[in-house]
Every structure is written in structure tokens, then in C-alpha cells.
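Below: one structure, written as C-alpha cells.
This is a predicted model, so every value here is computed, not measured. Per chain, numbering begins at 1; letters A, B, ... match sequence-line order.
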There are 2 protein chains.
Amino acid sequence: MAGKIHLDNIDQKILSYLIKNARMPFLEIARECGISGAAIHQRVKKMEDAGIIDGSRLIVKPKALGYDVCAFVGVSLIQTSYYTEAVEVIKRIPEVVECHFVTGDYAVLLKIYCRDNDHLLDVLVNTVQKIPGVARTETLISLDQAFERQVYVKDKKTAKTSKKGTAAKEENE
Amino acid sequence: MAGKIHLDNIDQKILSYLIKNARMPFLEIARECGISGAAIHQRVKKMEDAGIIDGSRLIVKPKALGYDVCAFVGVSLIQTSYYTEAVEVIKRIPEVVECHFVTGDYAVLLKIYCRDNDHLLDVLVNTVQKIPGVARTETLISLDQAFERQVYVKDKKTAKTSKKGTAAKEENE
DNA sequence: CATGAAAAGTTATTGGT
DNA sequence: ACCAATAACTTTTCATG
């Protein structure tokens with residue numbers, strides 16, 4: 001929604017902070033950027049309205065909730081045309097945290113969290129494989145998730161912490 | 001880090017709200033749960049200390065930042081033993097947002113965001129395939145990411161919004 | 001786009017049950 | 001584990017440059 005909006009260095013800096021900590025106070029960001037809190041507020045609102053920012057999430061460690069198994073599941077469909085319908089069903093499977101339509105051997109790639117292998121088996125056999133249009137599945141179990149992060153935003157060090165009115169003068173559109 | 005902590009219904013309810021909106025005020029959560037803001041604060045802190053909560057993130061739409069291509073890349077290693085070393089290199093590739101050690105044909109599965117196909121090709125050929133230990137790669141391009149979300153937390157409707165001191169009485173450990 | 005100032009709201013802390 | 005009270009801080013809005 002909403003077309004391209006140009007993000008200047010301050011916008012990028014704001015994002016780079018909030019991507020790491022969504023609860024970082026705007027005033028603290030303001031101090032880092034050398035502009036007022038109200039300006040941060042306006043910029044964040046603008047980025048939300050433009051659809052650049054799509055909310056925020058607390059990150060919970062799946063293992064702490066008892067989800068010890070993470071797997072990627074490639075799902076082949078009888079026909080590609082089943083995709084839209086299948087997605088609606090997949091959305092209702094709580095164990096699935098991600099769903100993609102991909103090129104290659106499968107049509108759909110899922111990321112799934114389960115309590116254990118039995119639970120995974122149950123989800124695969126009794127839920128995924130019963131979705132209309134699903135031909136077969138192939139499962140890759142993640143033995144180690146080395147990291148997970150947001151897309152890269154330039155974290156320019158240009159606008160230094162400055163008491164008054166320095167910085168904030170890079171390339172305002 | 002820290003062992004198993006039992007999460008009661010209120011803890012789960014707190015998580016279920018913050019997973020959807022990391023900036024939801026604790027006081028608002030408190031009103032929803034029928035307990036005080038201080039109690040929410042204490043519970044969240046406890047869950048942070050226990051390692052259940054692993055920070056928070058602003059969600060930015062990759063397309064809005066000019067990342068139009070999302071791909072999963074299966075990476076085969078000459079020997080599994082290269083994994084640890086490879087991860088250290090992979091971590092420094094900004095386009096990679098996720099990295100897993102997986103069972104099956106590949107050893108490593110990456111999720112990558114790029115500006116366009118040229119950019120993806122560049123990352124694959126000039127970066128990923130030059131990592132020590134990497135034998136070959138197989139790329140699945142995501143043509144549509146239907147959804148992405150956090151792991152499922154029970155969102156019990158038990159503790160209703162109540163002015164005073166109802167609720168908050170489920171199964172406190 | 002920016003700002004400062006004011007009002008309203010929130011967070012973090014403390015002391016008590 | 002909880003609460004109420006408090007002090008410090010933050011968010012949000014608005015008139016203004």
C-alpha cells in the first residue's frame with residue numbers, strides 16, 4: 001500500500017534502532033539522532049502510514065515455550081492452482097509460522113515449530129497432508145538456527161549525538 | 001539460558017499481546033488481564049531474565065526498503081565440520097536474515113533478501129559460493145510470502161476484562 | 001519538516017500485605 | 001505474587017516557524 005517513499009538517513013537510523021528494540025523510547029532515539037521527540041513521532045507515523053513499518057513483535061524463544069523442533073516443509077501440490085485455497089487452510093495451522101510460494105521442486109515452503117518429533121509427525125500426517133491439493137511433503141529439520149534477524153537497514157553513523165541542531169541535514173527529500 | 005519456567009495463563013496472555021504488538025503499553029495489558037501494571041512489569045521482567053523473551057523487533061516490509069526478492073538457499077558443504085566456521089562468515093552477509101543447519105540434501109539453509117535477481121546472483125556467486133567449505137547451492141525463490149508470524153501462544157479468553165479483582169486466579173504456580 | 005510546551009499517559013520503583 | 005502510590009519519563013497533540 002502506498003507508493004515509494006524516500007527514506008533519508010534519519011528515517012533509516014530510526015528503523016535501525018527499532019528493528020533491534022521495538023520498545024526503544026522515541027525520546028531516546030531523538031537524542032541519538034539529534035532531533036526532537038515529536039519529529040521522531042511524526043516520522044514513525046509517516047512510515048507506518050506508508051506501510052513501511054508493519055507493526056512490531058516481541059520475540060519469544062520457541063524452546064522456552066516447549067517448541068523444541070523447527071522444520072522446513074516443502075509441499076508439492078497436485079496443481080499450482082490449489083495454492084490460494086491451500087494457504088487459507090495453512091493459515092489456520094498454529095504450528096506454521098511462515099508460508100511461501102516458491103520456485104523449484106515444491107510449490108509451497110513452510111516453516112513449522114513443534115514440541116517434538118511426534119508432534120511434527122502428527123502435524124504432517126494429520127494436518128498438512130490432508131489439505132486439498134497437497135500431493136506430498138519433504139521435511140528438513142533444523143538442527144540449529146544460527147540466527148534470525150530483520151532485513152538490513154543502513155545504520156549510518158553520520159548523524160551524531162548532538163545537543164542542539166547539528167546533523168539532520170543529509171538529504172531530506 | 002535458565003531452565004524451564006512455568007508460564008501460567010496470565011503470562012501466556014501477556015505474551016500473546018506483546019507478540020502481536022511489542023509496544024502495547026503494560027498498563028493496557030494490565031487492564032485486559034485484570035491485574036496491576038506493576039505485576040505486568042514484574043512478570044515481563046521475569047520472563048526476560050528467564051530467557052523466554054528475547055527482545056522485540058519492529059517489522060519492516062522488505063519491499064518498502066527496496067528488497068523485492070526473497071529466496072531460500074540450500075547450501076551444501078564439502079564437510080559438515082565446516083559449519084561453525086561458515087556461520088561466522090554468513091553472519092556478516094547483510095542480505096541473509098536466517099541461517100539454519102538442516103537435515104537432508106543440504107547442510108545449511110539460508111533465507112535471503114535482495115533488491116532484485118541481479119543482486120541475488122551477485123550474493124550467491126560472489127559471496128556465498130566463496131565461503132570456505134561451500135560446495136554448491138540451490139536456490140528457491142519465494143514468489144509470495146503468504147504470512148510470517150511468531151510461534152503460537154495460547155491466547156486464553158479466560159481472564160476477562162474486569163474492573164477490579166476478578167480473574168487472575170487460574171493456576172498460579 | 002521541524003520545534004517547544006503542555007496534557008495525558010506510561011514505566012519503574014518502593015514499601016507493604 | 002500482588003497492590004497502591006509515587007516520581008520520572010514518554011507519548012501525543014498543537015500552534016508556530
- Item | nucleotides 12-17 of chain D: protein proximity per nucleotide (B base, S sugar-phosphate only, - neither; heavy atom, under 4.0 Å) | SB----
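From Gln145(B), atom CD reaches atom NZ of Lys61(B) across 11.5 Å, with rounding to the nearest 0.5 Å.
Relative orientation of the Phe26(A) and His41(A) rings is tilted, given thresholds of 30° and 60° on the angle between their planes.
Candidate nucleotides dG4(C), dC2(D), dT10(D) were compared by shortest atom distance to the side chain of Pro25(A), and dT10(D) ranks first. Between dA1(D), dC2(D), dA2(C), one nucleotide has an atom nearer to the side chain of Ala39(A) than all others, and that is dA2(C).
Rounded to an integer number of Å, the gap from Asn21(A) CG to dT11(C) C1' is 14 Å. Atom pair Ile40(B):CD1 and dA12(C):C1' shows a separation of 14 Å (rounding to whole Å applied). Between the CG atom of Asn9(B) and the C1' atom of dA1(D) there is a distance of 16 Å, given to the nearest Å. Ile29(B) has its CD1 atom 15 Å from the C1' atom of dA12(C), to the nearest Å. Between Met24(A) atom CE and dT11(C) atom P the separation is 16 Å, expressed in whole Å. Rounding to whole angstrom units, CG of residue Leu27(A) and C1' of dA5(C) are separated by 13 Å. Between the CG atom of Asp49(B) and the C1' atom of dA12(C) there is a distance of 14 Å, given to the nearest Å. Summarising the geometry, the separation between CD on Glu28(A) and C1' on dT11(D) is reported as 14 Å, rounded to the nearest angstrom.
Side-chain N/O atoms of Arg23(A) include one lying less than 4.0 angstrom from OP1 or OP2 on dT11(C). Residue Arg31(B) has no polar side-chain atom (N or O) positioned under 4.0 Å from OP1 or OP2 of dG9(C).
Legend: residues meeting side chain to side chain donor-acceptor pair (under 3.5 Å) with Tyr83(A), ordered by chain and number and at least two apart, are Asp144(B).
In summary, Glu48(A) and Lys45(A) do not engage in a salt bridge, as defined by a charged side-chain N under 4.0 Å from a carboxylate O. The pair Asp54(B)-Lys63(A) does not meet the salt-bridge criterion, since no charged nitrogen lies less than 4.0 angstrom from a carboxylate oxygen.
Under the 4.5 Å side-chain criterion, counting only non-hydrogen atoms from C-beta, Asp105(B) is not in contact with Glu138(B).
Around the CZ atom of Arg149(A), the shell of radius 6.0 Å holds more than 12 heavy atoms that belong to other residues, nucleotides or ligands.
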